[in-house]
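Okay, so here's the structure we're looking at.
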Amino acid sequence: MGERAFYQPGASSVEGLPLALQMFHNKPLIMLKPHWHAQVEVNFIVSGRVRYRMNDHEISLTAGEMCLFWGGLPHQLHEASDDVFYAGAHLPLVHFFRLHLPADVRHRLMTGAALVTSATDASDAHNFERWYRYGRSGDPAKAQHAVDELVLRLERVRFEPYRLVPEAQAIEGAASPFDQQSSRNVGRMCDFIAENFLYDIDSVDIAAAADIHPKYAMSLFRKSTGMTLNEYVNLLRLSYAQALLIDQDAKVLRVAMESGFGSLSAFNKAFRKLAGMSPSDFRKVSAVR
């Protein structure tokens with residue numbers, strides 16, 4: 001039996017492409033440390049079992065289970081059986097806001113919970129494999145079809161048994177369902193941020209993209225995602241910085257500037273808040289194989 005491979009972020013991986021849609025259909029790699037990315041993640045376990053560390057709790061998934069969680073919070077796949085195989089996708093946040101889910105679910109997902117369901121069948125294994133092929137076909141029409149079908153599949157969760165991990169009682173003041181216009185506004189803001197996060201942008205620029213007032217934009221975004229606009233912009237920048245830091249020759253100052261941060265101190269502060277360590281320490285850990 002050969003030496004087990006481990007996952008490492010890179011320029012072409014999900015961290016380095018924070019606005020990309022990515023489908024996967026493979027054997028997962030063990031992660032030596034938590035990572036994060038700007039997309040919502042869908043996992044369907046085809047065979048075997050995996051175990052995730054998610055913030056302050058853990059989730060075990062076995063064959064036939066499907067999981068949906070927000071990748072912006074640090075998470076780590078730290079255990080997997082030898083026979084494990086999984087499929088799924090990293091969905092840009094704009095697709096997440098297309099989902100018609102129960103009123104409290106979106107809020108719970110954006111604040112750290114994971115949705116898990118065992119209500120799957122043989123068609124899911126076939127569909128995830130086909131969505132993967134369509135997503136990698138190079139045909140935009142096929143890729144869009146895959147996304148549309150996946151979104152509908154995720155929406156079907158509300159009609160079947162599911163659980164949120166960790167369990168919690170209803171949160172007072174939890175986000176209520178938004179009307180279509182509010183969802184479109186959040187989507188426009190996400191699109192603008194995805195296209196411009198490496199530049200110097202602020203709430204005025206972001207609000208203008210949705211043609212709404214900056215104060216309303218900040219309130220709507222926070223109510224919808226659990227994050228401020230600035231926190232989301234920094235998340236995309238830090239996701240991008242993760243990939244750059246893997247290059248041992250890249251200076252931390254250059255990584256900070258290329259990731260859209262105006263200063264090294266701002267970069268260090270934001271990175272430590274998310275990762276719990278400095279960029280330099282993150283690089284040292286990343287160098288361990």
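Side chains included, hydrogens not; waters and symmetry mates left out as well; all remaining heavy atoms used.
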Can you name the side-chain hydrogen bond (donor to acceptor under 3.5 Å, both in side chains) partners of Arg163, sequence neighbours left out?
-> none
Have a look at Ile193 and tell me which of Asp205, Leu235, Leu236 forms a side-chain contact (heavy atoms from CB on, under 4.5 Å) with it.
-> Leu236
For the residue pair Val40 and Phe69, what are the closest heavy atoms and their distance?
-> CG1-O, 3.4 Å
Keeping the roles fixed (side chain from Arg158, backbone from His100), state whether a donor-acceptor pair exists under 3.5 Å.
-> yes
Using distance alone, with no hydrogens and no angle criterion, decide if Thr228 and Arg222 have a side-chain donor and acceptor under 3.5 Å apart.
-> no
Taking only residues two or more places apart in sequence, or in another chain, which ones meet His78 in a side-chain hydrogen bond (donor to acceptor under 3.5 Å, both in side chains)?
-> Glu58
Do you know which of Tyr86, Phe85, Phe44 makes ring pair (Phe, Tyr, Trp, His ring centres under 6.0 Å) with Phe128?
-> Phe44
Shortest non-hydrogen pair, Arg153 vs Ala119, comes out as NH2-O, 3.2 Å
Interatomic spacing from CD in Gln22 to CD in Glu41 - rounded to 0.5 Å | 10.0 Å
Any ion pair linking Glu129 and Arg133 (charged N to carboxylate O, less than 4.0 Å)?
-> yes
Under 4.5 Å between side-chain heavy atoms, hopping through other hydrophobics if needed: is there a path connecting Val186 to Leu154?
-> yes
Side chain to side chain contact (heavy atoms under 4.5 Å, CB included) partners for Arg272, two or more places apart | Ser278
Using distance alone, with no hydrogens and no angle criterion, decide if Tyr52 and Asn43 have a side-chain donor and acceptor under 3.5 Å apart.
-> yes
Would you kindly say whether Arg136 and Tyr132 are connected by a side-chain donor-acceptor distance under 3.5 Å?
-> yes
Linked, directly or transitively: Val147 and Leu152 (ILVMFWY side chains, under 4.5 Å) | no
Could you label the plane-to-plane angle of the Phe24 and His90 rings as parallel, tilted or perpendicular, counting under 30° as parallel and over 60° as perpendicular?
-> tilted
Residue list, side chain to side chain contact (heavy atoms under 4.5 Å, CB included) with Asp121, at least two apart or on another chain = Ser123, Asp124, Arg156
Do the side chains of Ile212 and Arg188 get nearer than 4.5 Å, heavy atoms only?
-> no
Side chain to side chain contact (heavy atoms under 4.5 Å, CB included) involving His57 - partner list, sequence neighbours excluded = Met54, Ile59, Val165, Pro166
Is it true that a side-chain atom of Thr120 and a backbone atom of Gly64 form a donor plus acceptor pair closer than 3.5 Å?
-> yes
Less than 6.0 Å separating the ring centroids of Tyr134 and Trp131?
-> no
Phe271/Trp36 aromatic ring centres below 6.0 Å = yes
State whether a side-chain donor-acceptor pair under 3.5 Å links Asp83 with Ser81.
-> yes
Can you sort out the partners of Phe192 under ring pair (Phe, Tyr, Trp, His ring centres under 6.0 Å), two or more places apart, ordered by chain and number?
-> none
Tell me whether the guanidinium CZ or amine NZ of Lys33 lies under 6.0 angstrom from the six-membered ring centre of Phe282 and within 45° of its axis.
-> yes
